[in-house]
Each structure stands twice: as structure tokens, then as C-alpha cells.
A.B. asks: 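Quick one: structure below, then a few questions.
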Protein chains: 2
Amino acid sequence: MTRRAKFRQITIDEIKSLARLQMAEGGTASLSLNAIAKHMGMSGPALYRYFESRDALITALIVDAYEALANALEETAARFVHQPVRECLRQVLLTYRRWALDHPIDFQLIFGNPIPGYQAEEAITAPTAGRVFAPILRILERAYQQENRPYPAFLESLPPQLQVRLSQSMQEVQPSLPEKVVYVGIVGWYHIHGMIMLELFNHIQPLLSDPAQFYSFEIERLFDQMNL
Amino acid sequence: MTRRAKFRQITIDEIKSLARLQMAEGGTASLSLNAIAKHMGMSGPALYRYFESRDALITALIVDAYEALANALEETAARFVHQPVRECLRQVLLTYRRWALDHPIDFQLIFGNPIPGYQAEEAITAPTAGRVFAPILRILERAYQQENRPYPAFLESLPPQLQVRLSQSMQEVQPSLPEKVVYVGIVGWYHIHGMIMLELFNHIQPLLSDPAQFYSFEIERLFDQMNL
DNA sequence: CACGCAAGTTATAAATTATAATTTATGTTA
DNA sequence: TAACATAAATTATAATTTATAACTTGCGTG
């Protein structure tokens, strides 16, 4: 990497870092290119050398967030891969919530409403989205394929017309995955993910004294249903 | 109501209506006081006679949305009150999703991330929030109290330290509600609501061919667990 | 050494929310 | 009915946005 490119990368990183900081203080809306530039000691339009537009910056942040979440999940999955399936998936799901609470802004960027007028570009975010779901699927595959656990009873009553559509990128990560595994994964992910969104996007929070305990409780309940 | 007050109310309604329309087209961010005024044939600052600020307008819209959702749920609950508990709750939950899909903007206003820099005022929104949860609780109370159904098995393993905190307003709607009923309600609401948020805020949608079928499937699964 | 391109600058355009000052219209009251 | 108070709307203006254009500076490589 040339000397110039290195400095360029540093500048890009600093811009993104400041953008995250700004959003952490005032919400996803308070992102201001001008303010960032000012804070970096340069003036407004200079930033457009590094990001084509405000939306381009946001897209970059979203992609980063996706990667970071996926990395966190994969790392946990790897660390507990020698533990029993139940413990391994438990740790992954706990990491999921932990990461969301530790990086609320990034989580909002990924799963929240689009920012002011920002239009998420499916083409850019979709590939990485698969990486988030993949670790969960891999653990479930181990449970039902390798260890031959019986599939959950509720799969029997699943409507036959209902079909899963694994995205291109996810199929690359996990080729030839049995449909039943994916179904179980979706049911679990919806359940878990929904809880986290509710906790993070508030409005329901005051209902429970300790969301963490409730989350753990629901995880065990889910595992029981999954025959883990 | 005086003649002037009536016109004033009409104007307020028109502003809110146009605001909703605007958001429906360009997302919650595209709300512009100027554009509304222009569309109404008056110029900018005139709107400030009716709403103190942009945030005040948004708050009004949020309150309206809460009311509308609560009304829809209550209406369905009333219409099916003579049906078996299971059918009644099913219809209420179907209405919940239906309303969310039919009014995505309002649903985002209520449960999504705050708009660009907008800070939700708990004091204003909390009271109405109770009305959304209340119909569900009432049906569950009927099941477990009046009809003496056994409580779900999973309640046994609920951590004893976990406590529910019913808001002031909810206690007024439902006084002296057994804690167990509230627990079941929360578990159910989290599950259901989480699914809807995922469907609405996308990012996971392409995973399933028919979200409606999945939703119905999960409802039945939930009911089985609830002994309904 | 000199040329080319990257990086940053200022100037400017088109929006936004919001305030101040002013005019116009309405409704009530002496 | 006439006069006055207040509501409603206007224009002008300020302070911010994002974004483009044109120009200057300076690095680094051939």
C-alpha cells in the first residue's frame, strides 16, 4: 500500500469513527458531515473526497456493523465449538444480545428503520447479512445432522406451502443445508432477535425488571422446544 | 365549539393528514413542514401557529397512531368476545399484524427508532401504550381466571427474581391482575410483536416466502404452549 | 525536475427548521 | 354599530443542512 493510500485510509477511519461517535450522542439522525469535517479541522466539502455522499457514508457504516456483528458471533461459535451443542448455541445467542446492547447504534443501523431519507441498498447489505445467520445454522446442523437429534415436534404442523429462500450469499456459506434445519433456525432467530429489538427500541422495557434474565429464560425455553 | 376552533381543528387535521401522506411516500424522515405548508397553499411559518415545532407534530402523530392501534385491537376483542378464548385472541393478534402492515408508518412511529433527532417523550406516549397491551391481558385473564385453564408449564421455570412492572396507566385499565397472567402476556406479546417488527423493518423478509402463514403458524404454536 | 493527480480550499446553490416583525382578517364587546 | 383584541397568515431573515463547481496547494512518481 502506497504512503498516500495509507493516509487516505486513516482519514476514512477517522471519519467513520467520528460519525459513530456523533450518532452515539445524538441518535442516528444527528449525523452531520459538516460537523465531522469541522471536528477534524477541515472544511465541509473535503469529506466528499472520501465519501460520495452522506448515504455512502451510512452504507459504509452499516457494512462495518454487519461485519462486526458477524465476527463477534463467529468468534463465540469458534470458542465454544467443543462444548455441547446447547451450551455453544447459548453462548452465541448471549453474544448476540450482548453485542446489540454494547453497540446500540450499529444495531439500529442494521436492523432499525432507515435513517432520514436513507435507502438501504439490498445489494450491499445482503451478502453480509448471511454471515450473521450462518453461525446459528451451523450449530443447528451439527445438532440434527451430525448428532442425529430428533427434529422439534412443531415442524410437523408447519404449513407445507411455506418455503424458505436462502439468499445467494447464505447458500455459499452453507451449501446443501436441509430445509428443516433452516426452519428451526428461522423460528429461533425470529424469537431471539425480536426480543432484542424490543429491548433496544424501548417502549416495552419498563414491563420487565431484568431483561437479561428474561432473555436467558426464553433461550432455555426455546432450546427445550428444539430438542437441544 | 366556536366557529374559529372548528376551522382550526380542520387545519390541524389536514396538517397531520398531509404529514402522514408525506411519510408514507418517503419514509419517516421525509417529513417537511415547508412542503406541507406549500401543499396547503400557505407559506412555511404559518404551521407554527398549529404546532410548536416539528417534534410537536411528530408527537401528535405518535399519539394518534397509538390510539388507532389500541382502538383496532379493542374493537376486534369486542367483536369476538363471545367466541372461544383461542379464537378471540387469534383474531386480536391477526388484527395486530394486519394493522401494522396497513399502517407501516404509524407502526414505525410507535415502535421504530426515533426519527432524526426526535426524542420520544415517555410521559406522553406511556399512557396510551397500556391500551395496546390491555386487550391481550383481558383475554388471558378470562382464560386462566374465569375458565380456570392451567397455567403454561414454562411458568414453573421462570426465575423468581424476575418481576413485572405494570405502568400506572395499565394498572388503571386492569387492576388486580394476577402476576402469572401478565407473564404469559409478556411472553406472548414479545414473540408476536418481534415477528411483526422483523417483517416490517425488513432485512429478514426474503428468508420466508409467506410471512403471513408463518405468523399464523407461530400463533398456533404459542397457543399450544399457553394451554389455550 | 516537471508533470499529473490527489487533497483541500472558498464560493455558492437549494433545502431545512425556526424566529421576528408585520399585515390581514375575524369575533367579541362596549 | 364601532372599536378593539386576538388569531392567522405573510414576508424577511437567521442558522443549519447536503452537495456541486471552480480553484489552489502540494505530494510523489516517471
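First the proteins, then the strands, lettered A, B, ... as listed; each starts at 1. Atoms considered below: every heavy atom in the structure, side chains included; atoms not considered: hydrogens, waters and symmetry mates.
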A.B. asks: Rounding to an integer number of Å, can you tell me how far B/Leu31 CG sits from C/dA18 P?
C.D. replies: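 Those two atoms, CG and P, are 10 Å apart.
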A.B. asks: Within this structure, what is the CE-to-P distance between A/Met42 and C/dA7, rounded to whole angstrom?
C.D. replies: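 These atoms are roughly 10 Å apart.
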A.B. asks: Roughly, in whole Å, what's the span from CD1 in B/Ile36 to C1' in C/dA18?
C.D. replies: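 It is 15 Å, rounded to the nearest whole Å.
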A.B. asks: For DNA chain C, whose closest nucleotide is more 5', that of B/Glu52 or that of B/Arg49?
C.D. replies: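 Nearer the 5' end of the strand: B/Glu52.
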A.B. asks: Nearest to the side chain of A/Pro45 - C/dT17, D/dA21, D/dA12?
C.D. replies: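 Nearest nucleotide to the side chain: D/dA21.
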A.B. asks: Can you check whether B/Asn34 has a side-chain N or O nearer than 4.0 Å to OP1 or OP2 of C/dT17?
C.D. replies: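 Answer is yes, contact under 4.0 Å.
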A.B. asks: Would you mind classifying the nucleic acid contact of B/Ser53 as base, sugar-phosphate or nothing, using non-hydrogen atoms under 4.0 angstrom?
C.D. replies: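 It contacts sugar-phosphate atoms only.
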A.B. asks: Between D/dA19, C/dT10, C/dA18, which one does the side chain of B/Arg54 approach most closely?
C.D. replies: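 Closest nucleotide to the B/Arg54 side chain: C/dA18.
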A.B. asks: Looking only at the side chain of B/Arg8 (C-beta and beyond, no hydrogens), which of the listed nucleotides D/dA8, D/dT10, C/dA18 gets closest?
C.D. replies: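 Shortest atom-to-atom distance from the side chain points to D/dA8.
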A.B. asks: Between B/Glu67 and B/Asn71, do the side chains contain a donor N or O and an acceptor N or O under 3.5 Å apart?
C.D. replies: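 Checked: B/Asn71/B/Glu67 side chains show no N/O donor-acceptor pair below 3.5 Å.
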A.B. asks: Roughly, in whole Å, what's the span from CG in B/Leu47 to P in C/dT16?
C.D. replies: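 From B/Leu47 CG to C/dT16 P: 12 Å.
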A.B. asks: Report the distance from atom OH of B/Tyr48 to atom P of C/dT19, rounded to the nearest whole Å.
C.D. replies: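 One finds 7 Å between P of C/dT19 and OH of B/Tyr48, rounded.
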A.B. asks: Hey, does the side chain of B/Ser32 come within less than 4.0 Å of C/dT16's phosphate (OP1/OP2), counting only N and O?
C.D. replies: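 Yes, B/Ser32 has a side-chain N/O under 4.0 Å of OP1/OP2 on C/dT16.
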A.B. asks: Please find the pair of heavy atoms, one from B/Ile105 and one from B/Met23, that lie closest to each other, and give the distance.
C.D. replies: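 Smallest heavy-atom distance, with atoms named: CD1-O, 3.3 Å.
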A.B. asks: Classify the nucleic acid contact of B/Tyr50 as base, sugar-phosphate or nothing, counting any heavy atom under 4.0 Å across all strands shown.
C.D. replies: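 B/Tyr50: backbone/sugar contact only, no base atoms under 4.0 Å.
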A.B. asks: Taking atom P of C/dT16 as reference, at what distance in whole Å does atom CG of B/Leu57 sit?
C.D. replies: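 Atom-to-atom, B/Leu57 to C/dT16, this comes out as 15 Å.
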A.B. asks: Measure from CD1 on B/Ile12 to C1' on D/dA7 and round the result to the nearest Å.
C.D. replies: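 These atoms are roughly 13 Å apart.
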A.B. asks: Let me know the distance between CZ of A/Phe51 and C1' of D/dT18, rounded to the nearest Å.
C.D. replies: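 About 16 Å, once rounded to whole Å.
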A.B. asks: Would you call the rings of A/Tyr96 and A/Phe107 parallel, tilted or perpendicular, where under 30° means parallel and over 60° means perpendicular?
C.D. replies: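 It falls in the perpendicular class, over 60°.
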A.B. asks: For B/His193 and B/Trp189, take the angle between the two ring planes, folded into 0 to 90°, and tell me which bin it lands in: parallel under 30, tilted 30 to 60, perpendicular over 60.
C.D. replies: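 The arrangement is perpendicular - the two ring planes meet at more than 60°.
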A.B. asks: Between A/Arg221 and A/Glu218, does at least one N-O distance fall below 4.0 Å, as a salt bridge requires?
C.D. replies: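 Salt bridge: yes.
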